[in-house]
Amino acid sequence: MSKLILKNISQLVPVDEAGPIRGKDMNLIKTIENGFVVTHNHVVVGLGSMEDYDQSLYETGDFMVMDCLGKTVVPGFVDSHTHFVFGGYRENEFKMRLEGKSYMEIMSAGGGIASSVTATRAASAEELYDLGIERLDGMLAMGVTTLEGKSGYGLDLITELKQLQVMKELNSRHPIDLVSTFLGPHSLPPEYKGNQEAYIDFVINEVLPEVKDQDLAEFADIFCEKGVFSVEESKYYLGAAKELGFKLKVHADEIATLGGAEMAVDLGAHSADHLLAVSDQGIKDLAGGSTVATLLPATAYSLNEPFAKAREMIDSGCAVALATDFNPGSCPTYSIPLVISLAALKMKMTAKEIICALTKNGACALDRQDVAGSIEVGKKADILILSKPSIDFLPYHLGMNLVETVIKEGIVVT
């Protein structure tokens with residue numbers, strides 16, 4: 001059907017405010033009780049209260065009506081930070097963490113990212129593609145309609161390009177819209193041990209230009225962390241990436257307080273991600289700048305680390321997004337329901353703030369706010385029907401997937 005009509009929606013949450021949505025405004029988004037949404041030719045053409053529904057205007061031509069009585073309608077979720085294209089798993093490291101080893105101890109002993117690099121280098125593009133399809137299908141079922149995917153498990157030219165080429169192919173074949181990020185400086189490869197400067201120069205001079213020439217990534221990212229890449233090295237790399245035309249994202253202040261958030265704001269990055277150890281100044285800078293604070297509560301949960309200070313960030317005026325950080329090591333899950341539960345219980349976020357963070361603010365973190373993250377006339381009809389009558393059931397039903405129907409560009413896909 002070219003026209004899809006959702007009627008009698010118990011609660012419609014369009015998140016149609018200009019983004020990114022900051023501070024207290026995240027908890028002030030409007031809801032429409034007993035609402036409707038009409039899509040046509042892949043975009044939204046009408047929405048509002050059933051009191052204003054014009055049957056003669058909308059129910060013409062080729063259309064299908066879905067009755068949403070007792071159900072909630074929200075924008076498709078935007079998972080703005082993942083590492084979903086990788087080879088191998090690291091279940092042994094999870095066991096090591098249960099035995100008391102820290103993430104950095106495992107990494108220093110040759111595990112961590114290095115383990116995934118070995119497996120991903122060995123995997124064929126066909127194997128990575130098949131794994132990618134399987135994971136994307138799982139994400140779609142949880143309501144994700146726009147997704148960011150990072151490279152960073154190659155740390156060489158061939159494998160980094162392989163990861164990004166697989167993502168480009170997946171984007172052309174899967175309903176989820178994929179946004180690709182080049183994360184060459186994810187860790188220091190063994191062949192460059194003790195020589196960060198030479199590796200950064202290699203990435204800047206040999207890998208970034210190839211990624212740009214093949215149009216394989218929109219964003220550039222770096223793991224700015226103690227024992228990985230310093231603030232100075234990160235600024236050098238990100239400055240070069242920006243000159244080549246890449247938009248910026250930063251793994252910032254995850255384990256140690258280095259000033260990564262401040263740097264991200266200063267460089268105009270679209271997002272600073274993790275932020276478990278962000279400084280007070282970093283929060284102040286995020287509140288005053290354009291950079292979205294992307295928080296990854298499932299990673300903190302998996303690593304058994306203190307959670308990011310979402311309540312303080314929101315109360316200070318930051319624009320907060322939520323994402324899964326799905327990866328084989330520190331966060332081996334793409335469960336949106338888990339992220340929602342942790343955001344509510346461990347980071348004291350309200351249901352409205354969580355919806356903002358998973359829709360409009362996530363879209364802003366990917367520079368997709370013009371096409372994704374909200375239900376607005378003229379935008380892509382990426383819409384979720386939830387099985388319960390309000391968004392308050394999302395955090396209440398702990399870890400349960402309430403997504404009943406996923407609509408991608410006006411087409412029912414699950």
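In what follows, residues are counted from 1 in the order of the sequence shown.
- A 4.5 Å side-chain heavy-atom check between Thr333 and Thr324 finds every atom pair outside the cut-off.
- For the residue pair Ser80/Arg368, the side-chain donor-acceptor check at 3.5 Å is not satisfied.
- For Lys348, the NZ atom counts as loosely surrounded, since its 6.0 Å shell holds 12 or fewer non-hydrogen atoms of other residues, nucleotides or ligands.
- Classification of the Phe219-His270 ring pair by plane angle, with boundaries at 30° and 60°, yields perpendicular.
- Scanning both residues, Lys30 and Glu17, for their nearest heavy atoms gives N-OE2, 3.3 Å.
- Counting heavy atoms from C-beta outward, Phe84 and Met139 have side chains that approach closer than 4.5 Å.
- By the neighbour-count criterion of 12 heavy atoms within 6.0 Å, atom NZ of Lys235 is sparsely surrounded, having that number or fewer from other residues, nucleotides or ligands.
- Contact detail for Glu148 and Lys150: the closest heavy-atom pair is OE2-NZ, 2.6 Å.
- Residues meeting the side chain to side chain contact (heavy atoms under 4.5 Å, CB included) test with Ile133, sequence neighbours left out: Tyr129, Asp137, Leu170, His174.
- Counting all heavy atoms, side chain and backbone alike, Met167 lies closest to Ser180 at CB-OG, 3.7 Å.
- For the side chain to side chain contact (heavy atoms under 4.5 Å, CB included) test, residues two or more places apart in sequence or in another chain that qualify with Ala256 are Glu225, Lys226, Leu258.
- Here Gln11 pairs with Val13, Thr31, Glu33, Thr72, Ser390, Ile391 under the side chain to side chain contact (heavy atoms under 4.5 Å, CB included) rule; sequence neighbours left out.
- Nearest heavy atoms, Thr294 versus Ser271: OG1-CB, 3.6 Å.
- Here the closest heavy-atom approach between residue Val44 and residue Lys380 is recorded as CG2-O, 4.3 Å.
- Around atom NZ of Lys309, no more than 12 heavy atoms belonging to other residues, nucleotides or ligands sit under 6.0 Å away.
- For CG of Asn304, the number of neighbouring non-hydrogen atoms (other residues, nucleotides, ligands) closer than 6.0 Å is 12 at most.
- For the residue pair Lys379 / Ser374, a side-chain donor-acceptor distance below 3.5 Å is found, with atom types taken as modelled.
- Around atom CG of Leu98, more than 12 heavy atoms belonging to other residues, nucleotides or ligands sit under 6.0 Å away.
- The closest side-chain heavy-atom distance from Met142 to Pro337 is below 4.5 Å.
- Considering all non-hydrogen atoms of both residues, Phe229 and Ser187 come closest at CZ-O, 3.7 Å.
- Among residues at least two apart or in separate chains, side chain to side chain donor-acceptor pair (under 3.5 Å) pairs with a member in residues 44-53 are Tyr53-Glu59.
- Using modelled atom types and a 3.5 Å distance limit, the side chains of Thr145 and Lys408 yield no donor-acceptor pair.
- Of the N and O atoms on the side chains of Asp221 and Thr181, not one donor lies less than 3.5 Å from an acceptor on the other residue.
- How far SG of Cys68 is from CZ of Phe36: 12.5 Å, rounded to the nearest 0.5 Å.
- Side-chain polar atoms of Asp325 and His81 form a donor-acceptor pair below 3.5 angstrom.
- Inspection of the Asp253 and His274 side chains reveals no N or O donor paired with an N or O acceptor under 3.5 Å.
- Residue His40 holds its NE2 atom at 8.0 Å from OG1 of Thr60, rounded to the nearest 0.5 Å.
- Here the side chains of Leu161 and Val211 are in contact, with some heavy-atom distance below 4.5 Å.
- Taking His397 as the reference, Phe393 meet the ring-ring contact (aromatic ring centres under 6.0 Å, His included) condition, with sequence neighbours excluded.
- By the 30° and 60° cut-offs, the orientation of the rings of Tyr334 relative to Phe326 is perpendicular.
- Applying side-chain hydrogen bond (donor to acceptor under 3.5 Å, both in side chains) to Ser116 and the options Arg121, His83, Arg90 leaves one that passes, Arg90.
- Every residue two or more places apart in sequence or in another chain that forms a ring-ring contact (aromatic ring centres under 6.0 Å, His included) with Tyr192 is listed here: Tyr199, Phe202.
- Applying the 6.0 Å contact sphere to CD of Gln55 captures no more than 12 heavy atoms from other residues, nucleotides or ligands.
- With rounding to the nearest 0.5 Å, the separation of OG in Ser341 from CE in Met400 is 10.0 Å.
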